Structures are given as structure tokens and as C-alpha cells.
Amino acid sequence: MHSKYENFPPRPAWTEINLGQLRRNLQLIRADLPRAVKFLAVVKDEAYGHGALEVARMAVEEGAWGFGLSTLEEAMHLRDGGITAPLLLLGERQEAELEWCVAHDLTACVNEPQNIRALARIAASFDKRVPVHLKINTGMSRYGVRWDEAVPLVEEILAEKSLRLEGVMTHFAQSDETDKTFANLQIARFDGVIHRLMQKGIHIPLKHLCNSGGFLDLPHAHRDMVRVGILQHGIFPSQVCRKIAGIAPVMSVKSRIAAIQIVKPGESVGYAMRYTTPSERRIAVLPIGYGDGFPRVRNQGGALIHGQRAPLIGGVAMDAITVDITDIPQAQLWDEAVLMGKQGDQEITVHELATLKNSVTYDVLTNWRLRLRRQTVNRCANKHELTALEITSA
Ligand SMILES: *Cc1c(COP(=O)(O)O)cnc(C)c1O
């Protein structure tokens, strides 16, 4: 991504990817999953901002069968990086993309007769028989053929000699909340389709429904494969879902103190004078802002410096935030500050930032921009073996 600039001195604001923790999360997920169930690692949007190629390479080592992606470009990035495992393009393809899919062995999800015929024609012209997955809409009402109209479409796919119906899938609208009523309705609709296919003697190798929430809380829906995204990165999809001990966040966001100001009582800090000092305050400026994906809050949140919380004061600018370090007298210029993650026994969680943003953890993770260079830490030379203790405590 940054090859041309790789040797520049790093900017004093960055994301840190803990590869040892990533490996541990992948191992704990794999160990929790019955052997016969395949693991599709969802690495769309740069693996939720963690670096898709790095995550994919490790996931291959830890037993991932294949990868879930959103865009053609994301899939080609992995192919170019040497990933040979199946790449499943979630979502819908434009007809113009299908030739690429066939040429580079990218597996498309299909839900629409015209695309199915186009894909079959292109595959035939390449002299290939290509795998496809049919997406069934069981209540999400986004992509996919309705559950009560799915059987004829399966028959259309089966009639195409250049296509191989490798999978059928659906996606939950809600899988990680305590009330599983709607998820169970979706499972029942999906099962209805599978049952009707079985009566016709049609067997589909890969039936899959579960995202992270489903993987954790709906074991009766695991079937042949689960599609796990956010959990790999150590974030549980909700506060109430089942927890696996040892799974922990992989990404931190850090910066350094770039300036220190002593502000006299009654003076203001930042744009629009949104903060006035009640007494003399010592203020640290951190060179990170909403242009890096930091939530645009004012007088809320903060940073960890010397293991203590420094409250954010004033507004968040494009390239800077100001935090109060009056109670952290040992803080000096260029000391490290943590904006997301742990320092000492303090932690700013992704959930906390999501609450600040009035959004969800997925949004916080994927919104850190590439202007923050990714630094990988804790890279293990050898595969770190999971101890029996770690597995049983899970
Ligand atoms: C993003 C996505 C997933 C992964 O969801 P997580 O909640 O991050 O595990 C699974 N399936 C589909 C179709 C998706 O779009």
C-alpha cells in the first residue's frame, strides 16, 4: 500500500496490529468449532481495517478454508498476494465483473437468473466449470432470492453445465442478541428450502448461515461452514453473546504528544471556543483527528497517558485533539498516548468509542483511515501452540 513511502520516518499516530493475538483468536475460534465445520474468514474492507493480506495469510495457517470479501478489488488483492484458497464474493456482481471472477477463480454469490446465465456462458467460454453459492433471503431483505422462490432458481443453476452449485447461504438480521426468535425463523425458512431440495434428491455441499454472532450463539445453525468476521479481530459482536475466554482485541490506535500548553484560568481551547479552563490546566496536543477516523466529539472521551486517563477537552479537529494532562505531571513531549486499546491496567475499548460515535464497533474499526500507518507487533516466527489449558478455559 505504502511501498513508495515505506522508509519515511513514521508519523506519530498509527494503528498497531498485534499478530500474536490475532493468531490466538484464530486458534480459539478454530478450537471452538467442530472439526467438520469449515471456517470462512471474512476479510472484507481490509479485514475490518486490520490488513486483509496479513490476516488472510495467518488464517490460512490456522485452518481457514477460504475468505469472504465484498469487492472484486479486495479479492484481486488477495489473489495477487498469493492466496490460492477459495474467495467468496458476498453481495451481488455486475455482469461486467463476472469475466474477472471466472478468469481468477473468484467464487460469486448468485441470486438472479440473468446473472446466472451470463456467468454460465462466460465459464463455458473459458472451458471451466465454476463454483457458485446461491444466496437465499430469509428475512434480511437485502441480497438474495426469497426463500419461497429459491427452489426453481436452484434447478436453473443445476441445469447449467458450466456451473457447480457449491453452496447455499443466508445471512442473519440479528444473531447476537438474547432474543433469537427472528434468527430461528430465518433458520426455519432456510431449512424449508433445504428440505424441499432433499425431496428432489438435490444435495448441496456447503450450507452456511452464521456470522460471528451465529457462530457463538446458534450452534444448531453451523451446518457445513461459518463466516466469521469481527470475532477474529477480538471484538465480540454484542455485549450479551457467548464469550470465548482468551479472545482479545488485535488493533490499538496510538499517538504521541506533539505539543504541551499551559492554559491560564478562563481561557479557551480549540475551534469555536467550546472549552474554557476552570483553572490553570496543562494540555497535551495529540496529532490525530477526525481525518484519521477519530470520532468527532467534543469534551468527551480521552486518551491513556502513563496508564492514566487524560480527558479530551474542546473539539476534535481534522488533525489534532487536545487532552488534559494536569493530573499526569510526568507526561512529556513525544510520550505515547493510547486512543484505542490498553495501557497499563487502563483500556479504551472499541465499544466505548462506538458509544461516543453513537454507532457500532464495526464502524469504529473500519473507519480508521490508512493515513494512520499500520504497524504490526508481536509477530511470532513459529506457530504459537495453544496450550490445553487455554482450550479448556474457553
Ligand atoms: C460481513 C459478513 C459476515 C461477517 O460478519 P461478522 O459479524 O463480522 O462475523 C458474514 N456474512 C456476510 C454475508 C457478511 O456480509
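Positions are given from 1 along the sequence. Read the numbers this way: they start at 1 and go in the same order the structure lists the ligands and their atoms. None of these values were measured; they are calculated from a predicted model. Side chains are part of it too, since the values below use all heavy atoms of this structure and drop only hydrogens, waters and symmetry mates.
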Problem set entry | R146: partners by salt bridge (charged side-chain N to carboxylate O under 4.0 Å, His left out), with sequence neighbours left out | D148

Exercise. Is the distance between the ring centroids of H208 and H133 less than 6.0 Å?
Worked result: yes

Show me a pair-per-line table, with atom names and distances to 0.1 Å, of protein N or O atoms that are under 3.5 Å from an N or O of ligand 1.
residue, atom, partner, partner atom, Å
ligand 1, 7 (O), Y362, OH, 2.6
ligand 1, 8 (O), Y48, OH, 2.5
ligand 1, 8 (O), I230, N, 2.8
ligand 1, 9 (O), S212, N, 2.8
ligand 1, 9 (O), S212, OG, 2.6
ligand 1, 9 (O), G229, N, 2.9
ligand 1, 11 (N), R227, NE, 2.8
ligand 1, 11 (N), R227, NH2, 3.4
ligand 1, 15 (O), K44, NZ, 2.6

Exercise. So does D191 pair up with R223, basic N to acidic O under 4.0 Å?
Worked result: yes

Exercise. So which of T170, N137, T181, T138 actually passes side-chain hydrogen bond (donor to acceptor under 3.5 Å, both in side chains) with Q186?
Worked result: T138

Exercise. W147 ring centre to R189 NZ or CZ under 6.0 Å, with the angle to the axis within 45°?
Worked result: yes

For this session: Verify, without hydrogens or angle tests, whether D224 (side chain) and V37 (backbone) share a donor-acceptor contact under 3.5 angstrom.
Result: no

